[in-house]
Amino acid sequence: MATNDEAAACKMAAMAKGYFHDPFLSTFVDPVIPSSLVLALPGTPQRTADVNRGTAIRVAGVDAAVAAFRRAVDALPSAGSRPPQVLALGAGFDTRPFALRDVRARLLAGMAAAAAGCLAVVNFEQIRPDDAFGVRMVAQVAARGCPLLGLPAYPELVDQMRRFRAAGWGSVEAVDAHTFFYRYLPPDRREHILSRERLDNEGEWHLFLRHYALVRGALDRQHEAAGPPTRRRCRGGALHGGAPGKAVADGGHGKRVSPFVTTFLTFFADEGSA
Amino acid sequence: MGLDLDNWIEKVRRGEHLAEWDLKQLCDYVKELLIEESNVQPVRSPVTVCGDIHGQFHDLLELFRTGGDVPSTNYIFMGDFVDRGYNSLETFTLLLCLKARWPSHMTLLRGNHESRQITQVYGFYDECQRKYGTANAWKYCCEVFDYLTIAALIDGVVLCEVETWAVSPRGAGWLFGSRVTAEFNEINRLDLICRAHQLVQEGYKYMFEGDTIVTVWSAPNYCYRCGNVAAIMSFDDKLNREFKIFKEDAVEHSSATVPKSQIPYFL
């Protein structure tokens with residue numbers, strides 16, 4: 001089963017249970033019928049409650065990044081002069097079983113190299129393949145035809161950050177999905193997700209969430225800080241690196257800070273989420 | 001008593017389920033036994049305490065290999081026999097057979113999954129429907145659920161009980177703290193509370209300093225994905241404690257038993 005098909009099925013299953021609303025779904029179905037009703041028809045994919053929650057968290061993570069991107073664009077002095085663009089590369093990443101690692105690395109690096117102005121990226125994927133849960137996750141997902149080829153090379157949040165910086169992304173943040181959900185997602189959205197369906201085993205749920213990561217990177221060619229990025233761990237469990245943000249020390253280089261970068265990445269700052 | 005228990009035990013151990021009529025007789029008989037028990041059933045040591053099984057039948061067989069067969073070992077099972085795993089029917093049937101055959105050596109407590117509502121959501125109802133073709137078997141089992149004991153008290157000082165403690169919604173701690181537990185134990189002259197229903201990767205875990213409350217979890221590689229080990233807690237006749245750890249059974253967790261398409265992750 002191709003990864004992008006599975007991701008789409010997960011999304012449909014979660015939407016049918018009311019986890020989130022996709023306003024664009026109606027362009028593909030009869031606009032008179034509410035999309036959530038259409039999805040409740042027989043044949044709609046179904047997934048277990050924890051998978052539905054996870055899908056909703058992934059959607060929320062990307063939504064948050066897009067919102068932060070909008071704010072970051074508005075923070076630029078040239079705001080309004082050129083329309084910002086959002087590229088959704090989606091789950092099509094993982095469909096090819098060969099050369100995937102190279103494709104993604106080249107894509108990440110290529111995007112950074114080609115950037116003339118400001119660029120931001122968000123990535124949501126599995127981590128921690130080496131513990132008891134992770135070993136089985138990797139094997140079982142691979143057995144379903146969706147090998148997670150990048151995962152062994154970037155097992156931890158620090159490795160994900162290293163990967164993005166190696167690809168030319170000067171400033172990077174990473175949290176696991178558990179931290180994102182319980183610390184950074186606004187409480188009303190979290191409560192909405194938690195209240196859709198019940199789970200019978202909380203311990204399993206927390207374990208599950210800790211095996212996904214949300215990584216964000218930003219760069220601004222006009223404001224690149226000189227010198228090596230500094231790395232600080234924030235209280236909330238987010239890792240920051242690169243251009244100084246509100247919660248991260250400058251490291252003494254005293255360079256001009258890009259408002260784009262600090263606005264985009266300060267979503268995870270300790271001083272509070274937007 | 002008219003029940004062919006030894007044959008039934010052998011049959012179920014092979015992984016077969018009983019004929020519907022036999023299951024009904026078994027359930028009726030066990031209900032009669034359970035009626036005689038107290039809500040807090042006194043149990044004498046030596047005894048081995050077990051946590052959730054959740055339909056992982058071959059892992060239950062491994063549990064007995066680890067802890068010893070009934071009746072040479074006495075057992076308390078703290079509920080959650082069914083749901084989530086794929087062999088809840090054989091799991092519960094075997095436990096019922098053992099209860100019927102050696103009533104004073106087996107104590108079965110009611111977990112939150114021993115309920116009509118929960119079993120319709122988490123798999124036991126569907127499994128019974130699939131294996132018997134009707135809902136009757138599920139109904140008979142649910143009637144037994146209603147009669148299951150709530151708690152067991154070992155030698156008057158070790159309480160085994162169904163989940164009554166609330167976990168913080170953040171998953172980061174407990175709403176009832178160690179001080180409250182210590183006070184509870186002191187007031188009730190308890191040495192220890194055993195509980196289940198919370199996944200612990202190491203199979204067992206003392207929740208607070210002072211070892212006042214312990215979680216025992218007996219379903220290895222829970223839901224075929226968590227990768228945890230399982231534990232049972234053995235008390236000798238002096239109430240000395242020993243934890244016995246066991247891992248997942250290869251048969252239960254092979255891809256033949258667990259359909260590949262069913263293991264849930266999201267991408």
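Per chain, numbering begins at 1; letters A, B, ... match sequence-line order.
- The neighbour count for A/Gln46 CD, taken as heavy atoms of other residues, nucleotides or ligands under 6.0 Å away, does not exceed 12.
- Near-neighbour residues of residues 120-135 of chain B relative to chain A, defined by a heavy atom under 4.5 Å from a heavy atom of that chain, comprise B/Tyr122.
- Contact record, A/Ala132 with B/Gly227: CB-O, 3.1 Å, taken as the closest heavy-atom pair.
- Residues B/Gln201 and A/Asp131 fail the side-chain proximity criterion, which asks for heavy atoms closer than 4.5 Å.
- In terms of heavy-atom pairs under 4.5 Å with chain A, the best-connected choice from B/Val200, B/Val229, B/Asn221 is B/Asn221.
- Heavy atoms of A/Leu199 lying under 4.5 Å from chain B belong exclusively to its backbone.
- Taking the side chain as every heavy atom from C-beta outward, B/His197 and A/Asn201 never approach each other to under 4.5 Å.
- Residues B/Arg225 and A/Gln140 form a side-chain contact, since some pair of their non-hydrogen atoms from C-beta on lies under 4.5 Å apart.
- Residue with the most contacts toward chain B among A/Asn52, A/Asp50, A/Val135: A/Asp50 (heavy-atom pairs, distance under 4.5 Å).
- For B/Asp83, no part lies near chain A; criterion is any non-hydrogen pair under 4.5 Å.
- Chain B forms the most heavy-atom pairs under 4.5 Å with one residue out of A/Gly54, A/Ala139, A/Ala49, A/Ala14, and that residue is A/Gly54.
- For A/Phe181, no part lies near chain B; criterion is any non-hydrogen pair under 4.5 Å.
- Using cut-offs of 30° and 60° for the angle between ring planes, the A/Phe133 and B/Tyr265 rings count as perpendicular.
- In this structure, A/Glu204 and B/Arg84 have side chains that are in contact, with non-hydrogen atoms separated by less than 4.5 Å.
- Other residues, nucleotides and ligands place no more than 12 heavy atoms under 6.0 Å from the OH atom of B/Tyr147.
- In this structure the side chain of B/Leu199 reaches within 4.5 angstrom of the side chain of A/Leu207, judged on heavy atoms.
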